[in-house]
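Remarks on the structure that follows.
On a predicted model such as this, the values are computed, not experimentally measured, just so you know. No hydrogens, no waters, no symmetry mates; every other heavy atom, side chains included, goes into these values.
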Amino acid sequence: MIRYAKPTTVDEALALLGEGAWRILAGGTDFYPAQGSKPFRDNVLDINGLTVLRGIAETDGHFVIGARTTWTDIIRHPLPPAFDALKQAAREVGSAQIQNVASVAGNLCNASPAADGVPGLLILDAEVELRSAAATRHLPLPDFILGNRRTALQPGEMVMAIRVPKPAGTSAFVKLGARRYLVISIAMVAARLVVEGGTVTGAAIAVGSCSAVAKRLACVEGALRGRAVDGGLADAVQSAPMAELSPIADVRGSAEYRLDAVREIVARAVLTAAGPMNDHMVAA
């Protein structure tokens with residue numbers, strides 16, 4: 001017999017998870033398409049009654065995004081400029097109707113290489129808070145998403161929140177798709193820069209849809225640090241190695257096209273994150 005449960009407290013949900021295998025249902029925007037017309041064969045744990053898991057809280061050191069927080073919640077919440085890339089990515093998650101119900105944690109747990117929210121969280125050094133009836137643990141986001149549709153969730157665990165250490169700088173997100181709206185990414189980039197005195201003192205660059213999981217680009221980040229904020233930033237991007245990327249060819253684009261295109265959109269994201277420039281810099 002297939003079981004369905006809709007707990008109203010976290011303790012109740014964790015107790016059920018400890019009893020056996022469940023598929024967790026949050027927003028359902030990935031859950032139902034993946035199910036398709038197949039009959040249900042797994043127990044379904046509906047967490048939409050756990051109101052405590054929705055919302056964004058601020059502590060002394062972190063912003064804490066509850067697991068059921070929607071992309072619309074992200075868009076509307078006042079957050080510092082370092083979150084601009086995540087807000088821009090939130091506007092690219094399906095349609096407005098999808099954004100109203102799809103959860104941030106669900107985007108991570110779905111673990112698609114083309115998950116729009118992942119690059120924006122990677123550049124914020126986000127970590128995932130996991131809880132079972134027995135323990136709570138925190139994993140850096142790169143340690144949580146292990147591969148295409150694979151995560152580090154263990155039996156009996158659920159995602160409670162995404163924790164972001166209070167970030168500095170400004171950020172931007174650029175997505176390349178076959179059309180403007182309602183499209184799966186061919187490639188996407190999130191960039192965050194910390195600029196002091198006209199010089200880049202900190203950089204975080206992440207690319208999605210060009211590897212099995214979204215990746216930070218360490219060499220690009222290193223090439224940008226210490227650079228003056230001018231058109232030379234784009235030159236640094238164009239010449240830096242991107243060995244972390246291993247794109248596939250599919251119906252949306254060839255591997256070669258992705259590698260060429262991603263350099264361009266990394267440069268665009270970096271220049272946008274760097275802020276307003278004069279006409280000469282923009283031309284460069």
Side-chain angles (χ1 to χ4, degrees), residues 10 26-27 47 50 52-93 99 102-112 115-131 136-146 151-153 157-175 188-196 200-208 213-218 221 224-225 269-270 272-273:
V10 169
I47 65 168
L50 303 181
V52 69
L53 296 185
R54 183 170 180 181
I56 302 171
E58 184 176 352
T59 69
D60 288 342
H62 291 80
F63 288 94
V64 182
I65 303 169
R68 284 193 54 252
T69 303
T70 69
W71 293 107
T72 298
D73 295 334
I74 294 289
I75 293 167
R76 292 178 177 173
H77 195 86
L79 290 164
F83 281 85
D84 285 354
L86 188 64
K87 284 178 173 281
Q88 291 159 8
R91 294 183 174 91
E92 300 284 354
V93 179
Q99 295 160 19
S103 66
V104 178
N107 197 244
L108 304 186
C109 291
N110 193 45
S112 166
D116 288 321
V118 176
L121 288 167
L122 281 175
I123 64 167
L124 293 169
D125 298 317
E127 65 179 18
V128 182
E129 180 178 322
L130 307 171
R131 187 174 163 192
T136 299
R137 62 188 182 122
H138 299 90
L139 286 180
L141 183 53
D143 295 337
F144 176 72
I145 301 178
L146 303 179
T151 73
L153 267 173
E157 281 187 328
M158 65 182 291
V159 176
M160 298 295 295
I162 297 94
R163 293 165 51 88
V164 176
K166 288 188 173 177
T170 55
S171 67
F173 177 81
V174 177
K175 175 175 176 173
M188 58 183 158
V189 174
R192 177 170 64 91
L193 297 184
V194 180
V195 177
E196 297 176 0
V200 176
T201 59
I205 313 295
V207 173
V213 297
K215 295 281 190 177
R216 288 274 294 266
L217 302 184
E221 294 172 1
L224 292 171
R225 295 188 193 102
V270 165
T272 302

Distance, nearest 0.5 Å, that separates CZ of R131 from NE2 of H138: 10.5 Å
Nearest 0.5 angstrom please: F63 CZ to L86 CG, how far? 12.0 Å
Indicate yes or no: at least one non-hydrogen side-chain atom of I65 is less than 4.5 angstrom from one of H77. no
E127/D143 under side chain to side chain contact (heavy atoms under 4.5 Å, CB included): CA gap, chis, key distance, verdict: CA-CA 9 Å; E127 65 179 18; D143 295 337; over 6 Å; no
Any side-chain heavy-atom pair of I205 and L224 under 4.5 Å: yes
To the nearest 0.5 Å, how far apart are OG in S103 and CD1 in I47? 6.5 Å
The reported gap from CD1 in I162 to CG in L141 (rounded to nearest 0.5 angstrom) is 8.5 Å
4.5 Å side-chain heavy-atom contact, R216 and D125: yes
Can you sort out the partners of R76 under side chain to side chain contact (heavy atoms under 4.5 Å, CB included), two or more places apart, ordered by chain and number? T72
Tabulate below the donor-acceptor pairs under 3.5 Å that side-chain atoms of residues 116-123 make, not counting sequence neighbours, or state none.
residue	atom	partner	partner atom	Å
D116	OD1	K175	NZ	3.4
D116	OD1	S185	OG	3.1
D116	OD2	K175	NZ	3.1

Which atom names give the shortest non-hydrogen contact between A191 and A273, and what distance separates them? O-CB, 3.8 Å
Heavy-atom side-chain contact between M158 and L53 under 4.5 Å: yes
Of all heavy-atom pairs between E129 and T136, which one has the smallest distance, and what is that distance? CG-CG2, 4.0 Å
If only atom types and distance count, is the side chain of T170 paired as donor or acceptor with the main-chain N or O of P81 below 3.5 Å? no
R137 and E157, any side-chain heavy atoms less than 4.5 Å apart: yes
Can you find a heavy atom in the side chain of T151 that is under 4.5 Å from one in the side chain of L108? no
When you look at V213 and L146, which way does the side chain to side chain contact (heavy atoms under 4.5 Å, CB included) test go after all the steps? CA-CA 7 Å; V213 297; L146 303 179; over 6 Å; no
Which pair of heavy atoms, one from A168 and one from A82, lies closest together, and at what distance? O-CB, 3.7 Å
Measure from the side-chain N and O atoms of Q99 to the backbone N and O of W71, and report whether any donor-acceptor pair falls under 3.5 Å. no
Looking only at heavy atoms, which two atoms of L153 and C109 are closest? And how far apart? CD1-SG, 4.1 Å
Walk me through whether F173 and D84 qualify under side chain to side chain contact (heavy atoms under 4.5 Å, CB included). CA-CA 8 Å; F173 177 81; D84 285 354; over 6 Å; no
Taking all heavy atoms of L193 and all of A203, pick out the closest pair and write down the distance. CD2-CB, 3.7 Å
Which atom pair, heavy atoms only, marks the closest approach of A67 to V159? CB-O, 3.2 Å
Side chain to side chain contact (heavy atoms under 4.5 Å, CB included) evaluation trace for F83 with I74: CA-CA 9 Å; F83 281 85; I74 294 289; over 6 Å; no
Treating K166 as the side-chain partner and E58 as the backbone partner, does any N or O pair qualify as donor plus acceptor under 3.5 Å? no
